[in-house]
Structure formats: C-alpha cells, structure tokens
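In what follows, a structure is listed as structure tokens, so that the remarks can point back to it.
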Amino acid sequence: MGRYQYLIFSALILAFVACNQHKTTTAANNTDKDSAGVLEGREAIKHMQLEDGLEVQLVAQEPMVVAPVAMTFDFSGRMWVVEMTGFMPDTSGTGEDMASGKIVVLEDKNGDGEADERQVFLDSLVLPRAICLVDSGILVATPPQLYYYEIHGNKAGKRTLVDDHYADGGNVEHQPNGLLRGMDNWIYNAKSDSRYRKVNGKWIKEHTQFRGQWGISQDDDGRLFYNNNSQNLLGDYFLPGLSGKNTHQREAAGFDEKVVADNNVYPARKNLGVNRGYVKGVLDEEGKLISFTAACGPHIYRGDLLPRKYYGGAFVAEPAANLIKWNILRDSGDVVTGEQAYKGKEFLASTDERFRPTNLITGTDGALYITDMYRGIIQHKTYLTPYLKQQIAARKLTLPLNCGRIYRIVPKGSHPKMMTTATSTSAMLTMLHHKNGIIRDMAQQQLVDQGMKAAVPLLRASLHDTTHPLTQRHALWTLEGLDALTLNDVRYLLDSSSLKLQIQAMAALPSLYNKSNSKAVTAIIDSLLRQPATARYAAWLLPAVNKWDKAAVTGMEQFLLSHYAADRYIAAAVVNNAQGRERALLEQLQVVNKDTTISLYKALHETMEDMQSAAEQQKMAALELSYPRGYEIFNNICQTCHGKNGNGIASMAPPLNESNWVNGDKKKLAAIVLYGLTGPVTVHGKVYQAPEISGDMPGIGASDEYSDADIAQLLSYLRAAWKNKAGQVTESDIKWVKKQYNGRQKPFTASELQ
C-alpha cells in the first residue's frame, strides 16, 4: 500500500470510528425509533428503496468527499466536486462565514467505480455553490463573486473576476447556482436572470429569463428545466437564448412554466424533522411529508446505461424527505408536460434521515450520480423554526459535519467504466453521435474550446446527415461556437421537414445576423412569422431584427398585433422586444383590437405596472439610506421570492408592492414576518395559493440574526417602498406583537389575521 493510500485508509478508519461513536451516543440518549444515527456508506445503501432492476453503488464517502452540493465531469472522466462544508455548523449558523469550502478533484484510478484519489484544487472558500469547466479553466461561484480559474494540472492558476455581482443579495438558500453550459454555448444559472459566455478570451454577461432556485438541467433540444423548493418541475417551452431582452418583463409565457404540477412526495420514513412539521397539512397521519418542501437538483436523464424508459425523464431530489423522484415528460411540440412516474412510491427513497441528495448528474459512464451532503441540518438559519430546532436537538442532528457521499445508480450487477473523451478531431466528431447526451455535450464543448476549425467540413457534413437528428443539433451549435456557421447552414435546416430542427435554426439566426446579410435574414424571419407552424418561435427573433432593421420590425409587429394578439406565447415575444415602447405599443394595439382581455393587452399592462418611474427609483434610493438594515434584510431575504421591484415572482410569492397586507395593519404585517403565513392569501383581490406560489412564507422571528429594531426597519422600508405609502413601524410595535403571540410557533393563516 502506497503512502497516499495508507493515509486515506487511516482517515477512513478514523472517520468510521467517529461516526460509529456518534451513532452509539445517539442510540443511547434518544429512544425515538426515528432517531438519525450515522451510517457507513454501504450500510446507508441498504436503507434505500430503489426501482426494481437497479442498484445504488458507492462512489465516494468521507473523508474522500465532504458535504458535496454539486459536481461535474472532465474529459478524463474525473469528478470535480463542490464541498460546502461551512453550511450551518449548528442551528445558529455559527462560523458559517468561515472559509472552509473546497473544490476537489476525485479520480477512480483502478477502475472499480469508487474514487481512490482526492486532490484539492481550491480551498479556503466561503460557501461555494457551483462550478463549470470552460476552455482550459473552471468557473467557480463563491457569492457574491463569480471567478474563472485557469487549470494547471490539479492546481489553480490565474484568477479572473467574471462578475462581482453574480449573487447580488439573497442568502445561501436563495443565491444563483447551476452554471449549466447549454447547447447554445451559453452558461445558464438557477435563481438568476444572467447568462455568461467566453468569447475571444473575454467574458460576456447578458440578461436572460429568471429561472428556478437550486439546480438546472437541459434536454436534447437545449431547453432548460429547474424548480423551486416547493415545486416539482418547472421549465421552458422555448430555447433559452430567445427571451430576457426586456428587463421590464417579469413573466413571459413559455418560460418558467409548470411542467409537472403534481408536488406530492412519498417518503419511506417519518419526516418529523422538517421546518414546519407542526403545521396541519405538511405531514400526513403517519408523520410523512406530503409535498415538496426542499426540491432541488432537477436533472433530465440523457444517458445510455439505464433502461430506455428513463431517457428524457426528469429526476428531482428532495433532501427533506430523503428521496429522489422520477417524472415522465411528454413533448407535444409547443409545450412540455409531465407526470410523476408513480403514485404512492418513489424512484428512490431512504429510511436514513441523513440521506440529503442535493444534485443529480449523468456520468460519462451513463450512470445517474447523486451528491449527498449526508448531514442532519439542511435548513438555513434564516428560516429555522423553534420546532425544527427542537427536533434537531432531540435527535442530535447537528453533528458530525465531516460526512458526505457520492452514489451512482446503475442496472443491477453492472460495473460501467468512465468514458474519456478523445483528443483527435475525428474521435470528437464521432462522439457527437454518442447515445449518452453528456458525451455529446462534452464533445461539442471540446471542439469549441479547442477552436477545432479543421472540423468544420465534417461538422457541415453531419449537419446534412438526416439519419442522426441529435447530431445535427450539436453540429449546428458547434459550428456556431466556432464562429463558422453560415446563412446557408441555417437555411438548410429551415427547409427541413423537422420542426425541431427548424426551431434550432431559428434560435441560431441572431448569432450570424449582421449588416451585410440583414436584408436576407430579415426576409427569412418575416416569412417564418407568416407561417402558423413557426410563428410562435420566429416572434422571439424580433429583438434581432430590431437591432439590424428597425423599419422591418415595425411591420412585423403590426402583423402580429393584427393576427396573434390573443396568443399568449406570441404576446410574450412581442413584449420581449418592446422595452421602452410598452405604452406606445399598447396604444397601437388598442387601435387594432379594443378587447382588454386578450393576452397581448394583459402582458403589456402587467409589464407597465412593473416598470419603475424615475421618481420611484429616486424614492427607493432614499429609502435605502433611511433604512439601511431594512434594505439589507429585504435584499437578502424578501426579494428572492417577492422580486426586487416587490411585484412577486411566479411560482414563489405574491407582490408586496401595493399589497393590502403591507399597507394595512402594521401589527398584522409584523405577525406575518415574525411567524410566517400559510396560504391561501388574497392580494389585490387575487387569491394566491399552492401550487401557483409556494404554500408557506417562513417567519424570521426565531432567527438570532435579526433584532426587534432590525425587523422594525424592514417593515418600515416595505411600507414606504415602491407605490406603498403606509406609516413607520417601531421597535415597540415588534415587542408588542411578540408579547401578544408569545410561544407561538406555527405560521398564521390569512383568516386568523382577518
């Protein structure tokens, strides 16, 4: 045994002894049969109930990996893992700001499927949350910054700041993450409205549609899928680069859609240790969680190892209920819908409370990989209820903090090997045909990153190979990434009988639109707008036309106003192109169609309501100075669900702006913020309830972070923000409410407060 292997073996023995000591102590001091002792990785697998015909295999466990929250694979088949070791060291979050996080590289040297070598690539990070391999380096998200590090072997080289506002506000549960490198060569995020791309050595940042909370994935078409903590699966009907041009547009039909509306979960064990387990309707009569409360890590399986029925399905992790769900998706062309694969059971469910799946990814071996933080506490201190604190203490869930697992799901009895992507141009091109989607993705990325211009003729041949439609898509975007895509390439796909390939071609058009070909491209888009089959997709190209041919876009808009004002998707596309012209466009619409119930009228009206006037912006700047602590708390907590402009976020929370609750009785508002609110709730005469929004708003009164004065400042800020015009809240108001409801734990209902 080598020295390195001996050290790893010794550390494993020590960790195993420590974990078993903790398990013994837990068993001795807690007679609750649902107590959560620590299990060794292989023993933990025995507590998992899995779909027949499959098995879970251990890939890594402590000390090889600790508190993993995200991972990716490189071209050599190695695993790059994000370790968020500093998350919630105790129920007060003591030491959470310590620089203890790491990016590590794990490798299976002997090919047995289990990692046997660990290299620390980066350490001393504060709560790192996402990575993405690009070119000869890696993007690393360590809020609030996004950095790019050059890779030299297993060591980090030169560091470049990509974005110093990557996570501008929000807490650890509500900050951008994901860093998914999409088929269109852009890098997308969850909990964010920004996308990134490296072009000629420089980083570009663009505004895009706001998406999700934790985790993001793509399908074979490059459409994005995501969720929030209480929603099973959300996603886009259209390709991601088409939206987000109008920063005033809060919601756009066809994006952030509920793909799977069923949010029920079916745990294998009692889930008493969830944040609002005491609230009626959260747990069933057996004490099991009823619906998602911590959904994360959604992943579209595109591998070739698991049985074919799983291909294209969406897997979603639920760490609070110790399970992974499988959803079956259906693509009708215009929309993607889905349903849970089972009723009353799950794809994978564990009776081990410390099984905390955080992210899912397909490996280069085709297996489905799971990152498992393997710990007791997963609820951030900001929202931690006294009830959950008691549960954590009773079952000694705080320690240990040095555990973590990576598993893979494979067909029973199989031992697949990692596939490494090749270095030769011909081999990379061959991999664009691979049945495993991650291999196709990586081959495309490698061709682009290495600037393989020699591959252009063969890529163009693949573009014309109709026997491999998936390869045609990758060939298109590889040519685009190499800056070698031509108008003739796009025309060829537009003439295809496949609508899916036509859609890909339309999405690529803006990247080659320029002054010399503007008339030809404009004519193509105008023709596509006038065909019912392609109008919904071509309408999203209006911003590209607007950039090169403003006269032409006027006629296109007029055509859409006259023929498609009632189509919610085309209405969203028209608004997407109308930044700064929303009112004028509305007046133009009213000349053509006076029906105020049609989609385009409503979309324009909603967008104008979201727009802040210059006077309002000045007012908000003054409020930030008047209530600095209130603004800070709003920015870190409230805006992540209610929006920066207070107008709410779809699928998450209703508006605060002009809300009857914010402008009404200040003591009722204080009660909501202190103790939380469970839906339904009526705002502006509209009833908001799950699944349209998250079912519950957590209170922050139990948090040690916020004093009575802090909360008073927050409420004063909210009651004066945007178009709100209510009076101040004082520290004594907060104390009165706390005295009035002393000992209360559960959130209020609207009817209670009324």
*Have Thr398 and Asp90 got a donor and an acceptor in their side chains that come within less than 3.5 Å?*
no

*For Lys343, does the NZ atom sit with more than 12 other heavy atoms under 6.0 Å from it, leaving out its own atoms?*
yes

*Close side-chain approach of Lys381 to Asp704, heavy-atom, < 4.5 Å*: no

*Locate the shortest heavy-atom distance separating Pro176 from Lys191; write the atom from each residue and the value.*
CG-O, 3.3 Å

*asked:* To the closest 0.5 Å, what do you measure between CG (Asn177) and CD1 (Ile131)?
replied: 12.5 Å

*Find the distance between CG (Leu718) and CG (Asn663) and round it off to the nearest 0.5 Å.*
10.0 Å

*Would you please say whether a donor-acceptor pair under 3.5 Å links the side chains of Gln231 and Lys258?*
no

*Of all pairs that satisfy salt bridge (charged side-chain N to carboxylate O under 4.0 Å, His left out), the ones with a partner from residues 662-684, not counting sequence neighbours*: Lys666-Asp733

*Could you tell me whether the side chain of Asp236 reaches within less than 4.5 Å of the side chain of Tyr226, counting heavy atoms only?*
yes

*Distance-only donor-acceptor check, side chains Ser92 and Thr94, under 3.5 Å*: no

*Out of curiosity, Asn660 CG to Thr682 OG1, how far, rounded to the nearest 0.5 Å?*
7.5 Å

*Do the side-chain N and O atoms of Thr358 and Thr371 include a donor-acceptor pair separated by under 3.5 angstrom?*
yes

*ring-ring contact (aromatic ring centres under 6.0 Å, His included) partners of Phe634, counting only residues at least two apart*: Tyr717, Trp722

*For the atom pair OG (Ser230) and CE (Met652), what is the distance rounded to the nearest 0.5 Å?*
7.0 Å

*Taking all non-hydrogen atoms of both residues, which atom of Asn724 and which atom of Ser659 are closest, and how far apart?*
OD1-N, 4.0 Å

*Search all heavy atoms of Ile216 against all heavy atoms of Leu224 and return the closest pair with its distance.*
CD1-CD1, 4.0 Å

*Backbone N or O of Pro128 within a donor-acceptor pair of the Thr142 side chain at under 3.5 Å?*
no

*So, do Asn228 and Ile649 sit near enough that their side-chain heavy atoms are less than 4.5 Å apart?*
no

*With sequence neighbours left out, which residue pairs that include part of residues 277-295 fulfil the side chain to side chain donor-acceptor pair (under 3.5 Å) condition?*
none

*Quick one: list whatever passes ring-ring contact (aromatic ring centres under 6.0 Å, His included) with Tyr369, sequence neighbours left out.*
Phe73

*Could you tell me which non-hydrogen atom of Pro747 sits nearest to which non-hydrogen atom of Thr678, and how far apart they are?*
CB-N, 4.2 Å

*Looking at CZ of Phe355 and CG of Asn322, how far apart are the two atoms once the value is rounded to the nearest 0.5 Å?*
7.5 Å

*Could you tell me which non-hydrogen atom of Arg719 sits nearest to which non-hydrogen atom of Gly664, and how far apart they are?*
NH1-O, 2.8 Å

_Polar side-chain atom of Arg405 near backbone of Asp372 as donor-acceptor pair, under 3.5 Å_ = no

*Does the side chain of Ile672 reach to within under 4.5 Å of the side chain of Met697, using non-hydrogen atoms?*
yes

_Do the side chains of Glu353 and Arg269 get close enough for a salt bridge, i.e. N-O under 4.0 angstrom?_
yes

*Is a donor on one side and an acceptor on the other found under 3.5 Å between the side chain of Arg276 and the backbone of Val282?*
no

_Under a 4.0 Å threshold between the charged nitrogen and the carboxylate oxygen, would Arg744 count as salt-bridged to Glu752?_
yes

*Starting at CG of Asp708, measure out to CD1 of Ile734 and round the result to the nearest 0.5 Å.*
6.5 Å

*Give a yes-or-no answer on whether the side chains of Gln379 and Glu173 include a donor-acceptor pair shorter than 3.5 Å.*
yes

_Short N-O contact, Glu339 and Arg330, less than 4.0 angstrom_ = yes

_Determine whether a donor-acceptor pair (N or O, by modelled atom type, separation under 3.5 Å) exists between the side chain of Glu346 and the backbone of Leu323._
no

*Assert yes or no for the condition that the ring centre distance of Tyr342 to Tyr266 is strictly below 6.0 Å.*
no

*Side chain His299, main chain Ala317, donor-acceptor under 3.5 Å*: no

*Residues forming a side-chain hydrogen bond (donor to acceptor under 3.5 Å, both in side chains) with Glu96, sequence neighbours excluded*: His380

*How would you list, by chain and number, every residue that makes a ring-ring contact (aromatic ring centres under 6.0 Å, His included) with Phe255, sequence neighbours excluded?*
Phe238, Trp540

*Test side-chain contact (heavy atoms from CB on, under 4.5 Å) applied to Phe87 and Met373, step by step*: CA-CA 10 Å; Phe87 178 75; Met373 286 189 82; 4.2 Å; yes

_For Tyr310 and Phe315, take the angle between the two ring planes, folded into 0 to 90°, and tell me which bin it lands in: parallel under 30, tilted 30 to 60, perpendicular over 60._
tilted

*Taking atom types as modelled and ignoring hydrogens, do the side chains of His47 and Thr351 form a donor-acceptor contact shorter than 3.5 angstrom?*
yes

